[in-house]
Amino acid sequence: MSRPRTLNWLDAPRDDSGVEMFDETSHTYRPYTELAGAALRIAGGLIERGVPRGAVVPLLCSTGPDLVAAFYGVQTAGCVVSVLAPPTRMSGEAARAHVRAVVEAVDAGTVLVDAAHHDYAVDVLAETGRGARVLLLEELLTGDPGRRDLAELALVQFTSGSSGRPRGVRISHAALDANTSAIRGWERAGRDDSWCSWLPMHHDMGLIGCLVVPVSGNNRLAVCRPETFLRHPLAYLARFDANRVARPATITATPAFGLQRIVDKVGHADLEGADLSRTRAVIVGAERIDPALVDRFTELMRPHGLSPHTLTPAYGLAESTLAVTGVPVEETPRAVRVHRDELRVGAKVSLAEESTDRATVQVMSCGRALDGLTVQVVGEDGEPLPEGHVGELAVSGSSVADGYLAGGSGRAEGTAFVDGRLLTRDVAFQQDGEFYVLGRLGDSVKVHARSLFAEDVELMLARAGLNLSRVCVVLGEADGSPHAVAVLEGLGAHAAEVAEGVLAAACPGTRRHVAQVPRGAIPRTSSGKSRRRQLWQRLSQEHVFDAVPATADGPA
């Protein structure tokens, strides 16, 4: 196969650009010339130790330059990389179970780790009984460089598992190359652009959007661990301040949660004297975007030079490598208000006037399809719907993955590859060529011929003052009746009263419950998303739906 553009930097690495790892008080920097050499030595070490060409090699490594070198080293050795989530103090058995599941799913004979995770990996792998060997990254770095013909696949990335068990997605070099090129074109990325990221590198948004995309262009990349951002978001924002750093970052990506963290923790006084005018694109994706949050973030940043059109909503998923749609960079994102009772598959939406009426909902555009991709809104029969109708997003084109591991492609309950298309299970409508994403079919319930979406109800809870990081809404049917549950993590009686009021307004026709649980009780993916289906099953096992609901309208 021809050499993909994502690997060209290895042959011509820049010595004036590289990867910086930082936290609140310190930073380390390694130029691309050094990282390219490290990647080739890692490749040589894997070849010397007999790792077969085409083998999937799970990689367990801390965020930073070593992970970058190892990611490309595995590929250069003709192997396929799968990046594992490093354990945290809070991850516990769930993280160990995920490592075991990945190793078994890819049939790994070798796992590559850094010294910080060596003992952990040995311990966890012993529990699989598979005999997979653990290779230490630092030992491979002492050997000779090497390379082999590339495998057809570049990586196996696992879905977040927010709506079910994580599945391994098979990403070819061709798909990775196509999506990387499309993203760089959409972002208008040039030689002098610089990225900054706090996203975990095991997750598609952090791995593709904030590792592969900048590294493939030899662009400078500054990264910190998620916990650094959560503790001290100013350390992250400082990397965009032209008055604080010589080469301020121009591009970043974040879920909406990241914007929420900034507006909650940072004030105008903290940003006094900051010059954020060099920032060109703040890509926002991974979850439903609240237009009110966009307004709050924009108002906080505007006095310090950040233009409103810098915020760039997008839509994507691991099964399409990463990005599917995006608002063109340097265009102000649009939001429209639609009637809630029209939000059902097959229905045509009509735009509503500006209103505070809870019978309407404001939805943020996620832009247009990226180059190389065709995106359609389809009905329950899989046929395309006219513009303005609500349906499921179907994606085809050059960035779509080769499918799931073990040939999993059936429709089942989740995202699936069917007849050359990726059926996403995400519900949206198209208006003036732009896509407006509402939520997932699996996270919704039909009531009185319309659909309620969990993301929509959660945004209403946030607007009522509840902390979204400690709230999860699950919807579904039990005993023939639709149920809506607001799960509050470590929140008190006042929050429960607020949640009851929001559910009453947002979910008429359902049996409504407010469940108060201790901190840490909401199951989450390795990227921090709530596992709604797992939570629904747990609530069912605890007979929450059998109990007298907090509020109910009777049978729907």
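Along the sequence shown, residues are numbered consecutively beginning with 1.
Asn179 and Ser399 share a side-chain donor-acceptor pair at under 3.5 Å. Using modelled atom types and a 3.5 Å distance limit, the side chains of Thr252 and Tyr236 yield a donor-acceptor pair. In this structure, a donor-acceptor pair under 3.5 Å is absent between the side chains of Thr415 and Arg425.
For the pair Trp186 (side chain) and Ala369 (backbone), a donor-acceptor distance under 3.5 Å is absent. Using modelled atom types, one side-chain atom of Gln157 and one backbone atom of Ala318 make a donor-acceptor pair closer than 3.5 Å. Panel note: side chain Asp204, backbone Leu322; no donor-acceptor pair is recorded below 3.5 Å. Judged purely by atom type and a 3.5 angstrom limit, Arg334 has no side-chain atom pairing as donor or acceptor with the backbone of Ser365. Counting only distance, with no hydrogens or angles, the side chain of Arg170 and the backbone of Asp402 share a donor-acceptor pair below 3.5 Å. Although no hydrogens or angles enter the test, the distance criterion places a donor-acceptor pair under 3.5 Å between the side chain of Ser82 and the main chain of Val156. At least one donor-acceptor pair under 3.5 Å links the side chain of Thr180 to the backbone N or O of Leu176.
Annotation for Leu370 and Ala323: closest pair CD2-CB, 3.6 Å, computed over non-hydrogen atoms.
Separation of atoms OG (Ser307) and CE (Met301) is listed at 13.5 Å; rounding is to 0.5 Å. Note that CZ of Phe240 is 9.5 Å distant from CG of Leu306, once rounded to the nearest 0.5 Å. In this structure, CG on Leu461 lies 6.5 Å from CG on Leu503, to the nearest 0.5 angstrom. Rounding to the nearest 0.5 Å gives a distance of 10.5 Å between CZ of Arg368 and OG1 of Thr325. Atom CG of Asn219 is separated from atom CD1 of Ile251 by 7.5 Å, given to the nearest 0.5 angstrom.
Between Phe417 and Tyr404, the ring planes lie perpendicular to each other; the angle is over 60°, past the 30° to 60° tilted range.
A side-chain hydrogen bond (donor to acceptor under 3.5 Å, both in side chains) with His483 is found for one member of His513, Arg511, Arg512 and no other, namely His513.
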ask   = Can you check side chain to side chain donor-acceptor pair (under 3.5 Å) on Arg280 and Thr250, steps first, answer last?
value = CA-CA 5 Å; Arg280 292 200 308 104; Thr250 59; 4.8 Å; no

request  = Please step through salt bridge (Lys or Arg N to Asp or Glu O under 4.0 Å) for the pair Arg296 and Asp264, ending with a clear verdict.
outcome  = CA-CA 10 Å; Arg296 289 180 63 196; Asp264 286 347; 3.7 Å; yes

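Shown here is Asp381, whose CG atom has more than 12 heavy atoms of other residues, nucleotides or ligands within 6.0 Å.
For the pair Val390 and Leu438, the minimum side-chain heavy-atom distance is below 4.5 Å. For the pair Glu392 and Glu380, the minimum side-chain heavy-atom distance is 4.5 Å or more. Annotation: side chain of Tyr436 is not in contact with side chain of Val427 (no heavy-atom distance under 4.5 Å).
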